[in-house]
A.B. asks: 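Structure below; questions to follow.
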Amino acid sequence: MRGVDGMLLRSVRLVGAPDPRRARDVLLLGGRVAAVADAGALAPRGLDGAALPVLDGAGAALLPGLVDAHVHLADWAADRRRPDVSGARTPEEAAALLAAADAERGRRDDVLVGRGFRDGLWPTSPRAHHLDAALPGRAVVVASQDLHSAWCSTEAARRFGLGEDCSGLLVEGAAMALLGDAGAVPPEVGDAWVLGAAQDAAARGTTALVDLQRAPVEDWARRAGAARPAADGAEPGAGPALRVAVGVWREHLDGVLAAGLRSGDPLPGVDDPVAADRVRLGPLKLFVDGSLGTRTAWCSCAYARTRVGGRESTGLGGVEPRDHHGMLLLPPDELEVLLRRATSAGLVTAVHAIGDAGVRAALDAYEAAGCPGRVEHAQQVLAEDLPRFAALGVTASVQPRHAVDDRDLADLHWAGATDRAFPYAALLAAGADVVLGSDAPVAPLDPWDALASALHRTLDGRGAWHPEQHLTLAQALAASCGGRSHVRVGDAADLVLLAEDPADVLAERGPAALREPEVLGTLVGGRWTHRATALRG
């Protein structure tokens with residue numbers, strides 16, 4: 001059953017509508033929602049009178065497509081193939097996990113790349129000698145869970161030209177450069193991984209994402225011409241199984257501007273019309289500060305100095321000054337110039353800012369530049385800055401799983417300042433436009449994980465962390481669906497069919513059950529990108 005010309009979805013229930021239990025027919029034509037009426041009221045006919053295929057939803061729940069507003073897709077695709085040390089409690093334990101994984105894999109990789117270390121709660125900082133002891137002579141590079149630091153062995157430091165005095169721990173730009181070099185694979189391999197990851201995201205109901213991977217725009221132009229991997233129930237074609245807004249990093253800005261590209265434009269050289277529609281230029285990505293996990297987010301309050309083992313260190317290469325507030329990576333006046341330049345050229349801007357001082361710097365720059373945009377993460381926001389998001393037209397792009405994963409880090413390193421941490425409810429109450437994402441691979445590329453984390457703010461047996469900042473289901477769904485509260489006439493036919501209405505799941509089984517919905521089908525522009533066996537008959 002194809003959705004190229006149109007189709008009729010018979011007898012579905014509209015999630016979030018005023019009467020969500022009422023059975024409806026939804027007519028899709030030309031990639032949009034053409035009509036909505038009571039079940040049985042619409043004829044399966046196109047504009048030319050030709051018969052259209054009919055899908056009997058049999059009471060399935062229909063909601064707008066889910067959007068992940070912040071993803072590093074190539075990193076996510078690669079990380080799924082790397083040994084995970086996120087559960088380690090010491091550098092020695094992490095090194096042992098890597099050694100066991102390397103032995104099991106038969107040392108198949110020239111450089112062993114691992115993922116997920118979280119040293120913010122470790123008693124000592126990771127160093128090259130920890131890896132050298134467990135994997136002697138082996139080139140090993142490990143990405144932190146937040147991607148803002150990298151840990152490497154002595155052999156890896158030698159191979160990648162880091163110098164003899166390299167301690168084995170790098171942060172921010174140096175870390176990102178090392179991770180890019182160590183994780184490089186042939187383009188055809190990486191493209192296959194990325195398109196496969198996009199297909200998996202579609203199977204979870206994701207219809208669009210903002211890809212903020214550090215890569216040239218040409219990478220996505222090439223992928224858009226590649227065949228999608230075979231998937232049961234999805235229509236064949238070129239490019240990804242969802243819409244991609246391709247982010248631009250600062251080092252690629254000149255080339256994008258020289259090409260005359262604006263945010264929302266199709267990428268040059270993409271001939272397939274469906275792929276050209278799905279893959280478009282996204283925002284310019286800029287960094288004000290670092291991260292909580294690496295203790296480089298720029299904050300008004302100094303970081304707590306005492307680590308778990310009692311050593312006075314922030315993990316940034318030894319004992320830090322007692323007034324360590326993180327890192328300011330982009331001076332405000334320079335940020336303002338970049339915002340003006342990008343906005344005048346038609347680019348949306350997305351500014352990474354995590355600490356409250358970093359968020360304030362981003363908002364100050366937006367105000368001085370007189371332009372709207374996005375703040376990515378906004379993990380710590382001063383009370384007086386909350387209403388500025390709405391006043392300046394700045395969207396808060398947040399990742400609720402971070403509040404769940406980083407609660408212990410925040411309690412330790414942001415001690416006394418967690419009342420302003422991950423303030424999702426406060427942002428909405430202040431009128432801000434809030435959108436949800438994952439920041440994959442920092443968190444799973446799964447919209448249901450983000451939604452459940454926003455609702456309950458816990459993942460384990462502990463109570464919700466700062467429950468006053470939780471979102472309601474309606475708020476979380478709208479923030480996950482690009483602001484769409486329910487399916488309406490005129491919408492793009494980017495839709496998700498579920499076996500159950502999330503409101504029923506929440507009422508009957510609680511927020512944890514929201515993480516595992518039965519996704520029956522996903523449509524992008526009226527075309528199937530995922531269709532479960534139950535819908536295929």
Side-chain angles (χ1 to χ4, degrees), residues 69-70 148 172-173 210 212 247-251 253 257 263 282-292 294-303 323-399 402 410 413-414 416-435 437 439 469:
H70 189 123
H148 283 253
E172 299 306 332
V210 180
L212 296 175
V248 179
W249 279 50
R250 185 178 177 182
E251 58 260 41
L253 176 60
L257 296 183
S263 294
L284 170 66
K285 173 75 177 293
L286 299 168
F287 282 86
V288 162
D289 64 354
S291 71
L292 166 60
T294 301
R295 280 79 72 206
T296 49
W298 194 35
C299 303
S300 61
C301 294
Y303 282 82
D323 62 348
H324 174 66
H325 288 258
M327 291 183 175
L328 176 64
L329 301 178
L330 186 60
D333 55 347
E334 191 174 344
L335 174 59
E336 179 189 340
V337 170
L338 286 166
L339 293 178
R340 289 181 184 275
R341 183 184 181 206
T343 303
S344 65
L347 295 180
V348 175
T349 53
V351 179
H352 168 115
I354 286 182
D356 56 5
V359 171
R360 171 160 288 182
L363 293 172
D364 287 348
Y366 274 121
E367 184 171 14
C371 64
R374 294 163 46 124
V375 167
E376 305 298 322
H377 309 304
Q379 291 184 4
Q380 198 184 51
V381 184
L382 293 165
E384 54 267 37
D385 285 331
L386 291 168
R388 298 180 68 196
F389 282 83
L392 298 173
V394 174
T395 296
S397 171
V398 304
Q399 300 77 39
H402 293 350
H413 296 294
W414 285 350
T418 58
D419 60 322
R420 69 191 71 152
F422 306 95
Y424 306 145
L427 281 163
L428 280 175
D433 177 27
V434 175
V435 296
D439 199 14
Q469 295 294 348

A.B. asks: Find out whether Leu338 and Leu286 are in side-chain contact, i.e. whether some heavy atom of one side chain is under 4.5 Å from a heavy atom of the other.
C.D. replies: yes

A.B. asks: Name all pairs fulfilling the side chain to side chain donor-acceptor pair (under 3.5 Å) condition that reach into residues 385-394, sequence neighbours left out, sorted by first residue then second.
C.D. replies: Arg360-Asp385, Asp364-Arg388, Glu367-Arg388, Asp385-Arg388

A.B. asks: Measure across Gly355 and Asp289 and return the closest heavy-atom pair with its distance rounded to 0.1 Å.
C.D. replies: N-OD2, 2.9 Å

A.B. asks: Just wondering, do Leu212 and Glu376 contact through their side chains at under 4.5 Å, heavy atoms?
C.D. replies: yes

A.B. asks: Using side-chain heavy atoms (C-beta onward) and a distance below 4.5 Å, is Leu339 in contact with Val351?
C.D. replies: yes

A.B. asks: Do you know the tightest heavy-atom contact between Ala432 and Ala390?
C.D. replies: N-CB, 4.1 Å

A.B. asks: Looking at Val359 and Ala378, what are the two nearest heavy atoms and their distance?
C.D. replies: CG2-CA, 3.9 Å

A.B. asks: Mind checking whether Tyr366 and Thr343 have side chains closer than 4.5 Å, heavy atoms only?
C.D. replies: no

A.B. asks: Please check if the side chain of His325 supplies one atom and the backbone of Ser300 the other of a donor-acceptor pair under 3.5 Å.
C.D. replies: yes

A.B. asks: Are any non-hydrogen side-chain atoms of Leu386 and Leu427 less than 4.5 angstrom apart?
C.D. replies: yes

A.B. asks: Applying ring-ring contact (aromatic ring centres under 6.0 Å, His included), name anything that partners Trp249, two or more places apart in sequence or on another chain.
C.D. replies: Phe287

A.B. asks: Is there side-chain contact between Leu328 and Val288, with at least one heavy-atom pair below 4.5 Å?
C.D. replies: yes

A.B. asks: Show, in sequence, the C-alpha distance, side-chain angles and deciding distance for Val434 and Tyr424, and conclude whether the side chain to side chain contact (heavy atoms under 4.5 Å, CB included) test is met.
C.D. replies: CA-CA 8 Å; Val434 175; Tyr424 306 145; 5.5 Å; no

A.B. asks: Taking only residues at least two apart or on different chains, which pairs with a member in residues 417-428 satisfy salt bridge (Lys or Arg N to Asp or Glu O under 4.0 Å)?
C.D. replies: Asp356-Arg420

A.B. asks: Are His148 and His352 near enough that their ring centres are under 6.0 Å apart?
C.D. replies: yes

A.B. asks: Under a 4.5 Å cut-off applied to non-hydrogen side-chain atoms, are His413 and His324 in contact?
C.D. replies: no

A.B. asks: Determine the minimum heavy-atom distance between Ala297 and Trp414, stating which atoms define it.
C.D. replies: CB-CZ2, 4.4 Å

A.B. asks: Is Phe422 close to Gln469 at the side-chain level, that is, under 4.5 Å between some pair of heavy atoms?
C.D. replies: no

A.B. asks: Can you name the nearest heavy-atom pair linking Arg374 to Ala69, along with the distance?
C.D. replies: NH2-O, 2.6 Å

